[in-house]
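Data first, discussion second: the structure below is written as structure tokens.
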Amino acid sequence: MAKGKSKTGSGKGKKPTRKAAKAKKPAVRKPAAKKKASPPKPVPRPALRRPVKNRASVTRMPSARPAPHKAPQLSSNIYERDLDKTPANYAALTPLQFIERSAAVYPDNIALIHGARRQSWAETYARCRRLASALEKVGIGVGDTVAIMAPNIPEMYEAHFAVPMTGGVLNSLNTRLDAAMIAFILDHSETKVLLVDREFHKVMTEALAIAKAQPLVVDIDDPLCEDRAQIGDTTYEEFLATGDDDYAWEYPADEWNAISLNYTSGTTGNPKGVVYSHRGAALSAYGNATQWAMGVHPAYLWTLPMFHCNGWCFPWTLALVAGTSVCLRRISAKAIYDSLAAHNVTHMCGAPIIMQFIIGAAPDERQPLARTVEFMTAAAPPPAAVLEALEKENFRVTHVYGLTEVYGPATICSWHEEWDSKPSHVRAQLKARQGVRYAAEDGVTVMDPATMTEVPRDGTTMGEVMFRGNLTMKGYLKNAKATREAFEHGWFHSGDLGVLHEDGYIELRDRSKDIIISGGENISTIEVEGVIIEHPAVANVAVVAKPDEKWGETPCAFVVLKPGSAATADDIIAHCRANLASYKCPRYVVFRDLPMTSTGKVQKFVLREWAKQV
């Protein structure tokens, strides 16, 4: 969209006219002389674009934005009289302001590390503005989708700011999707521009051949990529060079405008497109920074994929706190330890699989850590043995919970100092709980979905976990029915089953689709998995329902043993019988690797199919 044009529509309205003035009556009675009506004065359309001053500090002085017109109304509330929103007292919430501020206040601080590459905040902000300018020159504006498929590299980080600077919407593609799914997403989102790392040239070339959408394809040619076959007609750096250094981006006209699009896993059909707003993204970033107490200038290691819920909104969080992103193109135990030691990393996020990388590292892959590393994890709660092993390696774990529909983490197991003195197994039980709501979320609780009443706080009565507030999605793209169902009765229905403890902390019991109903009794797969993982020979486990003629369903356990360890199915079943009610114990145990998603979650829908063959 051309510079200076409004991104809120045509803005056409009725032009004001001026009434003709009546002439004074002369002494002699004559017909009054009519004056010609004055031509209406043109109403200038205000430019919402706010210029950026071109100097090293990249400080921007915003021009005044017009307040929306309101018809004067007499209010009985004295606090509603002459106290309207104006450019002086109101601006839309958006995470875009975070990078602008960090570039202005800390221009020389390192924002991005990737191999030998070091990029300051001033450089990063300048590159984001050039990319935004280049995107606008090819027609990207409000409501246009720009997709990106890339690992955790600087270009992925830059896209989180450059695309919304144009008013466009960023769609970060899961790097493990197949061609058919990618083609569906490109078509469903009506992608106009595709930024793609050349590592994915095979699957992307196939997807583009299937898709109806024909976006402009821009290759990210990362020197650290080993397989760099060409896909598009231009590279990221060539495209960047077409942008203007002094590009003047603007705040969204409405903070409810979309900033990003994230697709759910789609394990039972086509995925749903979850839409995030500028407001929600900004508040999620504030939530991450405050609930985790990150402070200013943390060093953050990217082991969590940025395509997953926009990296739990941490690209925007790190701009807020002027932190340093340490990028990792490939995840391995050695790469993690090398990065932690070399860059004095303070924080990292990851699924339980990343924990297994850390505690399972070989001696020659490990490095001593000079400081405690804060580790935020979600998905399955870490067992006591894993927590103890991580603590010995100088990691402190914080457990969070959320979904794509709530911007990633929306609850946190807020820790109490008095819990530090408790035995390790008790600490693990407390830390395994999903916790309490983020401050920016209005409400999170466990309710009976039939009556929409909160379950008793007894730690045993199960209900559905529900959310509402600022950290809940706008809705599902082009799927009004699914959006209505998800928001029924004014709450977002997560589909997760959990309990409430006396102190109000939530603890998950299972996904509603994963619960096992055996002889009319509900069996929590999480509970059974928690017992099996405590067996000294077990490295990982997943439990699913296996159809059973007598009981309807019965637990089936898929177990991964630790290297060098041995155990039989009878050993696992005996261990369960010593720690569980008999009806909860698995009758079938299978030793094999688990199918995992790119974000480290077990694909239980695959295991359910396997269990049918056992």
Side-chain angles (χ1 to χ4, degrees), residues 95 99 110-119 121 124 127-128 131 146-163 170-177 195-200 203-204 218-228 236 260 262-263 285 288 294 298-319 321 323-340 342-343 345-351 353-355 357-358 373-379 404 408-409 596-601:
I99 189 171
I110 298 299
L112 293 162
I113 295 174
H114 182 49
R117 178 176 171 183
R118 303 291 184 273
Q119 198 167 291
W121 277 111
T124 302
R127 285 172 59 85
C128 290
L131 177 56
V146 176
I148 182 169
M149 178 177 265
N152 289 344
I153 57 177
E155 290 77 9
M156 178 64 126
Y157 188 88
E158 291 167 355
H160 276 77
F161 296 91
V163 173
L170 178 68
N171 177 23
S172 301
L173 298 170
N174 186 324
T175 58
R176 291 192 179 180
L177 294 177
L195 312 175
V196 57
D197 188 280
R198 284 182 169 174
E199 176 182 343
F200 309 109
V203 68
M204 190 55 71
V218 178
D219 288 10
I220 301 172
D221 189 17
D222 181 10
L224 299 185
C225 176
E226 296 174 358
D227 186 3
R228 295 158 66 183
Y236 185 91
S260 66
N262 294 280
Y263 281 83
N288 286 335
M294 296 183 74
Y300 180 91
L301 180 62
W302 276 106
T303 51
L304 175 76
M306 281 191 231
F307 66 70
H308 182 51
C309 306
N310 295 113
W312 294 354
C313 295
F314 273 96
W316 299 312
T317 304
L318 289 163
V321 296
T324 298
S325 287
V326 181
C327 299
L328 272 186
R329 186 177 181 92
R330 293 240 187 279
I331 306 298
S332 68
K334 186 177 188 308
I336 290 172
Y337 271 103
D338 287 350
S339 297
L340 292 172
H343 306 299
V345 167
T346 61
H347 293 74
M348 63 185 294
C349 296
I353 187 65
I354 302 299
M355 295 181 177
F357 273 128
I358 292 170
V373 178
E374 301 290 343
F375 192 114
M376 180 182 280
T377 190
T404 304
M596 310 290 283
T597 70
S598 56
T599 56
K601 296 179 181 178

Could you report the tightest heavy-atom contact between Pro315 and Phe161, atom names first, then the distance? O-CZ, 3.6 Å
Taking only residues two or more places apart in sequence or in another chain, which ones pass side-chain contact (heavy atoms from CB on, under 4.5 Å) with Ala335? Leu328, Ser332
Report yes or no: does Thr377 contribute a side-chain atom to a donor-acceptor pair with the main-chain N or O of Gly350 at less than 3.5 Å? yes
Give a yes or no answer on whether the side chain of Asn152 reaches the backbone of Trp302 with a donor-acceptor pair at less than 3.5 Å. yes
Are any side-chain N or O atoms of Tyr263 and backbone N or O atoms of Leu173, one a donor and one an acceptor, separated by less than 3.5 Å? no
Compare all side-chain heavy atoms of Ile148 with those of Met306 and state whether any distance is below 4.5 angstrom. no
The side-chain hydrogen bond (donor to acceptor under 3.5 Å, both in side chains) partners of Asp197 (sequence neighbours excluded) come to Arg329
For a quick test of reading the model, state the closest non-hydrogen atom pair linking Thr175 to Ala150 and the distance between them. CG2-O, 3.7 Å
State which residues pass side-chain hydrogen bond (donor to acceptor under 3.5 Å, both in side chains) with Trp316; sequence neighbours excluded, sorted by chain then number. none
Would you name the heavy atoms of Tyr157 and Ser325 that are closest together and state the gap between them? CE1-OG, 3.8 Å
Only counting residues at least two apart or in another chain, list the ones meeting side-chain hydrogen bond (donor to acceptor under 3.5 Å, both in side chains) with Arg228. Asp221
Between the OG atom in Ser172 and the NE2 atom in His160, the distance rounded to the nearest 0.5 Å is 4.0 Å
Partners meeting ring-ring contact (aromatic ring centres under 6.0 Å, His included) with Trp121 (sequence neighbours left out): none
Are Leu304 and Met376 close enough, and set up right, to give a side chain to side chain contact (heavy atoms under 4.5 Å, CB included), and what steps lead you there? CA-CA 10 Å; Leu304 175 76; Met376 180 182 280; over 6 Å; no
Any ion pair linking Glu155 and Arg198 (charged N to carboxylate O, less than 4.0 Å)? no
Just verifying a value: how many Å separate Thr317 OG1 and Tyr300 OH, rounded to the nearest 0.5 Å? 8.5 Å
CG/Leu224 to CD1/Ile153 distance, rounded to the nearest 0.5 angstrom? 9.0 Å
Among all residues two or more places apart in sequence or in another chain, which pass the side-chain contact (heavy atoms from CB on, under 4.5 Å) test with Ala299? Thr346
Before giving the answer on side chain to side chain contact (heavy atoms under 4.5 Å, CB included), spell out for Met294 and Phe314 the whole-Å C-alpha distance, their side-chain angles and the decisive distance to 0.1 Å. CA-CA 11 Å; Met294 296 183 74; Phe314 273 96; 3.6 Å; yes
My understanding is that only residues two or more places apart in sequence, or in another chain, count here; which of them pass ring-ring contact (aromatic ring centres under 6.0 Å, His included) with His114? none
To the nearest 0.5 Å, atom CD1 of Ile99 lies from atom SG of Cys128 at 4.0 Å
Could you tell me whether the side chain of Thr303 and the main chain of Cys349 form a donor-acceptor pair under 3.5 Å? yes
Could you tell me whether the side chain of Leu170 reaches within less than 4.5 Å of the side chain of Asn310, counting heavy atoms only? yes
State which residue, out of Met156, Glu199, Met204, fulfils the side-chain contact (heavy atoms from CB on, under 4.5 Å) condition with Met149. Met204
May I ask you to check whether Tyr236 and Glu158 show a side-chain donor-acceptor distance below 3.5 Å? yes
Run the side-chain contact (heavy atoms from CB on, under 4.5 Å) test against Cys309 and tell me which residues pass, sequence neighbours left out. Tyr276, Trp312, Thr404
Distance in Å, Leu301 CG paired with Ser339 OG, rounded so as to fall on 0.5 Å steps: 5.5 Å
Taking it one step at a time, do Leu177 and Val203 satisfy side chain to side chain contact (heavy atoms under 4.5 Å, CB included)? CA-CA 8 Å; Leu177 294 177; Val203 68; over 6 Å; no
Sequence neighbours excluded, every pair satisfying salt bridge (charged side-chain N to carboxylate O under 4.0 Å, His left out) that has a member inside residues 299-312: none
Those residues that, when tested against Phe200, pass ring-ring contact (aromatic ring centres under 6.0 Å, His included) (two or more places apart): none
Hey, does Tyr337 have a side-chain heavy atom less than 4.5 Å from the side chain of Ile358? yes
Closest non-hydrogen contact found for Ala159 with Leu131 is CA-CD2, 4.4 Å
Apply side-chain contact (heavy atoms from CB on, under 4.5 Å) to Arg118 and list each qualifying residue two or more places apart in sequence or on a separate chain. Ile110, Ile113, His343
Applying side-chain hydrogen bond (donor to acceptor under 3.5 Å, both in side chains), name anything that partners Asn171, two or more places apart in sequence or on another chain. none
